[in-house]
Amino acid sequence: MMKEKYIVAVDLGGTRVRLALSNKDGSLIGKVQERVDKSSEKAIGKQIIAIIRSLCRENEIDCVDLEGVGIASAGPLDLKKGALINPTNLPFEYVPLTKPISEELGLPTYLVNDCTAAVLGERAFGAGKGLDNIVYITIGTGIGGGAIVDGQLLLGKDGNAVEIGHLTIDFEGRLKCGCGKKGHWEAYCSGRNLPNFVKMRLEELDEAIVEKSLIYPKVKGDLSKLTSEILFNAAKDGDKLSLRLVDEIGVLNAIGFANVINAYDPSLITVGGTVTLQNEKLVLSPVRRYVKDYVVNRVPKIMATPLGEDVGIFGAVAAVLKFRP
Ligand SMILES: [Zn+2]
């Protein structure tokens, strides 16, 4: 009997690295999650190798029998070198990944942008089965996207074709993005930067309105303690000001979504990322409501990804299935 071959899926974020083994149908076994080892730029590759070895031991699989390794990671990437270049959420200039892993384990190893992976995963295992025009958008710590257009995965010259978090949605550039430029979508609506938007708006509003809102006691009067979680929880509790701000964020998200729809003309947009997955209705309802004010193309179905927070893992599996010879 042929032994079943497993694929190693790696989802590398700024804080956590998650791994799983998968068969080609996307059945996951042995999910593991660790904090990223940031002790040196080579430590991350070593950490992934160590987890793969222990996953194999625990599941009685010989490493040489693995099909390959797929790594979904936040960028920017250098696809040819299989490395991260000045990653925004890791304190290194260069993080080599595919070479150390493939040399050490003797396995084909593929690196893809996490959102590129996610759209592949959506098409292979999620809501995008059978579709040729899909966009995946993440609204989490940052904002990013992946797109399949006419059945073609969009990659770009360096693998960063769909950096939609850095679309300009505010030409006045009131807020500065983590990338250093002003007015980008991510600077207003991502989990990390949304507090900056709220603070800016609160400073513009009447103090009495602010002090009456639920946000005020939750940050104990100190707006520097504000997080996106506090805002969305206050909105869930029915706080008027929070609901108004969530609605304003929805308008900005709708501008971002409309730009994406006008550029790629998808028949489905799935949305992931912690901000979306934890506040599905508050994030997606205003987008559906306001997107028609900005879009010229026919509005596609917009939904949260059914793959949840495993979308990167499924994407890494799908990347190996797509790119292996
Ligand atoms: Zn930016």
Side-chain angles (χ1 to χ4, degrees), residues 6-22 28 30-59 61 63-64 66-118 120-121 138 140-142 144 146 155 158-160 163 165 178-179 190-192 272-274 309-320 323-324:
Y6 283 93
I7 292 163
V8 181
V10 183
D11 180 10
L12 176 61
T15 319
R16 302 177 308 170
V17 57
R18 304 172 73 234
L19 274 86
L21 298 176
S22 169
L28 305 181
K31 269 197 241 174
V32 186
Q33 177 178 313
E34 288 186 6
R35 287 189 78 80
V36 175
D37 181 348
K38 298 182 186 177
S39 56
S40 76
E41 52 185 39
K42 288 187 178 157
I44 299 169
K46 285 184 184 152
Q47 181 182 24
I48 291 170
I49 292 165
I51 300 174
I52 294 172
R53 288 218 162 102
S54 77
L55 268 178
C56 285
R57 262 197 311 276
E58 283 160 24
N59 295 285
I61 294 165
C63 272
V64 293
L66 293 169
E67 183 97 36
V69 181
I71 306 170
S73 173
L77 313 177
D78 184 325
L79 278 192
K80 289 188 193 88
K81 292 192 176 124
L84 312 184
I85 306 288
N86 298 314
T88 41
N89 49 20
L90 294 168
F92 306 113
E93 283 174 16
Y94 184 80
V95 179
L97 290 170
T98 58
K99 205 166 163 228
I101 294 169
S102 63
E103 279 179 3
E104 184 75 23
L105 300 174
L107 294 170
T109 304
Y110 307 94
L111 174 67
V112 274
N113 171 290
D114 50 357
C115 293
T116 304
L120 284 175
T138 182
T141 313
L155 286 173
D158 297 318
N160 305 312
E163 279 289 0
C179 72
S190 67
R192 187 194 292 128
T274 46
E309 66 164 9
D310 284 337
V311 65
I313 291 276
F314 283 109
V317 176
V320 174
F323 294 117
R324 71 179 170 178

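Between Val112 and Phe323 the shortest side-chain heavy-atom distance falls below 4.5 Å. Residues Lys46 and Asp37 form no side-chain contact, since every pair of their non-hydrogen atoms from C-beta on lies 4.5 Å or further apart. By the 4.5 Å heavy-atom criterion applied to side chains, Thr138 and Asp114 are not counted as neighbours. Side-chain atoms of Leu21 and Val8, non-hydrogen and from C-beta on, do get closer than 4.5 Å to each other. Using a 4.5 Å heavy-atom cutoff, the side chains of Lys31 and Ile313 are not in contact.
A donor-acceptor pair under 3.5 Å is absent between the side-chain atoms of Ser102 and the main chain of Pro108, judged by distance alone. For Gln47 (side chain) and Arg35 (main-chain N/O), a donor-acceptor pair under 3.5 Å exists by modelled atom type. The main-chain N or O of Lys81 is found under 3.5 Å from a side-chain atom of Asp78 such that the two form a donor-acceptor pair.
Shown here are the side-chain contact (heavy atoms from CB on, under 4.5 Å) partners of Arg53, two or more places apart in sequence or in another chain: Ile49, Arg57, Glu104, Leu105. Here Asn86 pairs with nothing under the side chain to side chain donor-acceptor pair (under 3.5 Å) rule; sequence neighbours left out.
Between Leu77 and Asn160, the shortest heavy-atom contact is N-OD1, 3.7 Å. For the residue pair Ile44 and Leu97, the shortest heavy atom distance occurs at CG2-CD2, 4.1 Å. Scanning all heavy atoms of the two residues, the minimum distance from Val311 to Ala118 falls at CG2-CB, 3.7 Å. Nearest approach of Ala72 to Ala316, heavy atoms of both residues: N-CB, 4.2 Å. A pairwise comparison of heavy atoms in Tyr6 and Ile61 identifies CD1-CD1, 3.6 Å as the closest pair. Heavy atoms only, all atoms of each residue included: Cys115 and Gly144 are closest at SG-C, 3.6 Å.
Of the inter-residue distances, the one linking Tyr94 atom OH with Leu84 atom CG reads 9.5 Å to the nearest 0.5 angstrom. Put simply, CG on Asn113 and CG on Leu155 are 9.0 Å apart, with the number rounded to the nearest 0.5 Å. From Leu12, atom CG reaches atom CZ of Arg18 across 12.0 Å, with rounding to the nearest 0.5 Å. A distance of 9.5 Å separates CG of Leu107 from CD1 of Ile101, quoted to the nearest 0.5 Å. Interatomic distance, Leu66 CG to Thr109 OG1, rounded to the nearest 0.5 Å: 10.0 Å. If you take CD on Glu34 and CD1 on Ile48, they are separated by 10.0 Å, rounding to the nearest 0.5 Å.
For Lys38, the NZ atom sits in a packed shell: over 12 heavy atoms of surrounding residues, nucleotides or ligands are nearer than 6.0 Å.
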